[in-house]
Amino acid sequence: MNRVSRHSSLTNPSHAWTRFKDLLFSGPLEKAFSEFESLRKAFPAKPPPIKLYNSLLKASLKQSRPDLVSSVYKDMILSRVPIETRTLNLLMASLCESGRLGDARRVFDSMSEKGCKPDGVSFRVLVSGYCREGLSFRGLELLNEMGRFGCSPDRKIYNAVVSGFCRENKVVQAERLVERMVKGGVFPDEVTFTVRISALCKAGKVLEAYRIFQNMKGDNGSGFPRPDVVTYSVMLDGFCRKGMLDEAEELVALMKSDGLSMDVGCYNIWLAGLVRNGKLLKARSVLVEMVEKDVKPDVYSYNIIVDGLCKEGMVLDARSVLDIMRDNGISPDVVTYSCLLHWYCKKGDIAEANKTLEEMMRDGCFPSISTCNVLLQSLWKEGRISEAELLLEKMNEKGYSLDKISCNIMIDGLCKSGKLNKAIEIVDGMWLHGSAALGGLGNAFLGLVDHTTNGKKCLPDLVMYSTLIDGLCKAGRLDEAKKKFAEMLARNIAPIQLFTTHLYIITVSRVNCHRLFVSSEIWKRRVAIQIQKHITF
DNA sequence: ATAGGGTTAG
């Protein structure tokens, strides 16, 4: 930095703000913010121009820092800069991202009294917010309002709602909306089709999805958009999760012959598919291919490999991947360390687990709720209740709240330690109060439960019922187990869950009830048939 | 700022 600009930025606020802008676009956000605060203190009467405020909001949003977004916004109000539509769009995006849809809607509704008019972006932000939260009907309602504000829906906003309906399995609504798009002269593109393919794959209907994919592939002049890298990726993921590795490999070849090159996201799907199906050697060769093709593996790629190696018990190899990562300029993150931690906890190697935890903190990675769950499970399962409570208290202090996985861990622990009735009581309570039902377990839980900002409850799921039913069967309480199974079906929980690392399956026969871990295709089919039989019992 | 894809924990 030269002397002149340094000197002028100390005395001239507009130079200072120009210099600050460079810092914001080049340096880390933390640094920019501390500079922002000191400049605001140095020139309290000279706030930055509105454009800079907007950039600051945008940067905070991009880094997923809603706390910074709201502090910038508060500062804007205090310094009385005129608020623009753009500012409020950014604020709404941030509120949607942190699940505060109600607040986002209030901002939207108050736009006119702030002297701003909602534009196309305002609608897109809020509509996609609704759809992402599983409230596609509300998204559609808002889309229908656009005309009154002189806006007309474009392809992106239609796709957002179509995607929402597909995710919610509301096929008819999705198709109706596509028809309406066409009538309005907005033609479906590869995204419109890809969301449908994605939804079908997630529902386990991979062949149905493939039919649509083939329609897109075929050059019969039917007006279908061509599949792009994402379409291929979604299809590839579908095949991999069904264990259809031959089809997956064919698809990879097809994609290349189609003139498309795999990007890092697509490679990661392929890597994860191979690792999940035990093809670690092949995964390694794919990693080599990535480097050859100059597609740089990212933190996801390495984490997939680290996790795969840990699951195969090759923890030394997993550790060595961390060095390879660092050599390639990728820092291990909280997921990388959590994978190692999971392995050590599973082996009961407390010393190595603690070492990993320390290393993780030293590396600047803070434990996530998943990390806590790994520790919680390990302590809880070994009956180290007081240590588990200590962990929960710490989590409480740091502002974590229990999620679905944590709840399942607790229920599992109760079942395994013979407190079956307590477990049943809590699961019943969860239908009414979500994870708050765990509050009855003691003080350590009270602060941790249902602090979710979006008010969504943690409801019992297949894994939780599997745990309960398994516990009841082992205790010889078969009639109650059957009752729970029926209750589960009545609650619309399917007894078979696709797309998890392991397949959780419950079979209830007259004499016994098993919860099985099944990973081979033949077994999946066989058990699926058994389940068909039981659904009617 | 804005539609579709990828990693960990039961």
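Just so it is clear, the structure is predicted and the values come from calculations on it, not from any experiment.
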Q: Answer with base, sugar-phosphate or nothing: what part of the nucleic acid does D333(A) contact at a heavy-atom distance below 4.0 Å?
A: nothing
Against the side chain of R276(A), the closest entry in dA3(B), dA9(B), dT7(B) is dT7(B)
Across all chains, not counting sequence neighbours, the ring-ring contact (aromatic ring centres under 6.0 Å, His included) partners of Y302(A) are none
Taken to the nearest whole Å, CG/L251(A) to P/dG5(B) is 17 Å
Considering every strand and a 4.0 Å limit on heavy-atom distances, what is the contact class for V230(A): base, sugar-phosphate, or nothing? base
Testing dT8(B), dG4(B), dT7(B) for proximity to the side chain of R241(A), the answer is dT7(B)
Residue pairs passing the ring-ring contact (aromatic ring centres under 6.0 Å, His included) test with at least one member in residues 328-347 of chain A, sequence neighbours excluded, are none
Base, sugar-phosphate alone, or nothing: which one does Q377(A) contact when heavy atoms must sit under 4.0 Å apart? sugar-phosphate
M146(A) atom CE is separated from dA3(B) atom P, nearest whole Å, by 12 Å
Donor-acceptor pair, distance only, cut-off 3.5 Å: does the side chain of T87(A) make one with the backbone of I83(A)?
no
Q. Hey, does C266(A) reach any base, or is it just sugar-phosphate, or nothing, if we go heavy atoms under 4.0 Å?
A. base
Next on the checklist: So V234(A) and I269(A), do their side chains get closer than 4.5 Å, heavy atoms only?
Outcome noted: no
Taken to the nearest whole Å, CG/L322(A) to C1'/dT7(B) is 14 Å
Side-chain atoms of S128(A) come closest, of dG4(B), dG5(B), dA3(B), to dA3(B)
Could K293(A) and E289(A) be called an ion pair, given the rule that one side-chain N must be under 4.0 Å from one carboxylate O? yes
Query - Any donor-acceptor N/O pair under 3.5 Å between dG4(B) base and D228(A) side chain - result: yes
note: Y337(A), atom OH; dA9(B), atom P; distance rounded to Å ~ 18 Å
Considering every strand and a 4.0 Å limit on heavy-atom distances, what is the contact class for D263(A): base, sugar-phosphate, or nothing?
base
Applying side chain to side chain donor-acceptor pair (under 3.5 Å) to K347(A) and not counting sequence neighbours gives none
Hey, does the side chain of H342(A) come within less than 4.0 Å of dT8(B)'s phosphate (OP1/OP2), counting only N and O?
no
In M430(A), R491(A), M488(A), K404(A), the residue satisfying side-chain contact (heavy atoms from CB on, under 4.5 Å) with D461(A) is K404(A)
When rounded to whole Å, the NZ to C1' distance for the pair K347(A) and dA9(B) reads 19 Å
By ring-ring contact (aromatic ring centres under 6.0 Å, His included), F187(A) pairs with (sequence neighbours left out) none
Considering only heavy side-chain atoms of C339(A), the closest of dT8(B), dA9(B), dG10(B) is dT8(B)
So V374(A), base contact, sugar-phosphate only, or nothing? Heavy-atom distance under 4.0 Å. sugar-phosphate
Taken to the nearest whole Å, CZ/R167(A) to P/dG5(B) is 7 Å
- Message: Does dG4(B) have its OP1 or OP2 closer than 4.0 Å to a side-chain nitrogen or oxygen of S198(A)?
- Response: no
Describe the nucleic acid contact of D298(A) in one word from base, sugar-phosphate, nothing, applying a heavy-atom distance below 4.0 Å. base
Looking only at dG5(B), dG4(B), dT8(B), the nucleotide nearest the V229(A) side chain is dG5(B)
Applying ring-ring contact (aromatic ring centres under 6.0 Å, His included) to F213(A) and not counting sequence neighbours gives Y210(A), Y232(A)
Residues of residues 300-307 of chain A with a heavy atom under 4.0 Å from any atom of DNA chain B, listed by number, are Y300(A), N303(A), I304(A), D307(A)
Base, sugar-phosphate or nothing for S122(A)? Non-hydrogen atoms, less than 4.0 Å. nothing
K346(A) atom NZ is separated from dG10(B) atom P, nearest whole Å, by 8 Å
- Quick one: label R86(A) by what it contacts on the DNA or RNA (base, sugar-phosphate, nothing), any heavy atom closer than 4.0 Å. base
Y267(A) OH to dT7(B) C1', in whole Å, measures 18 Å
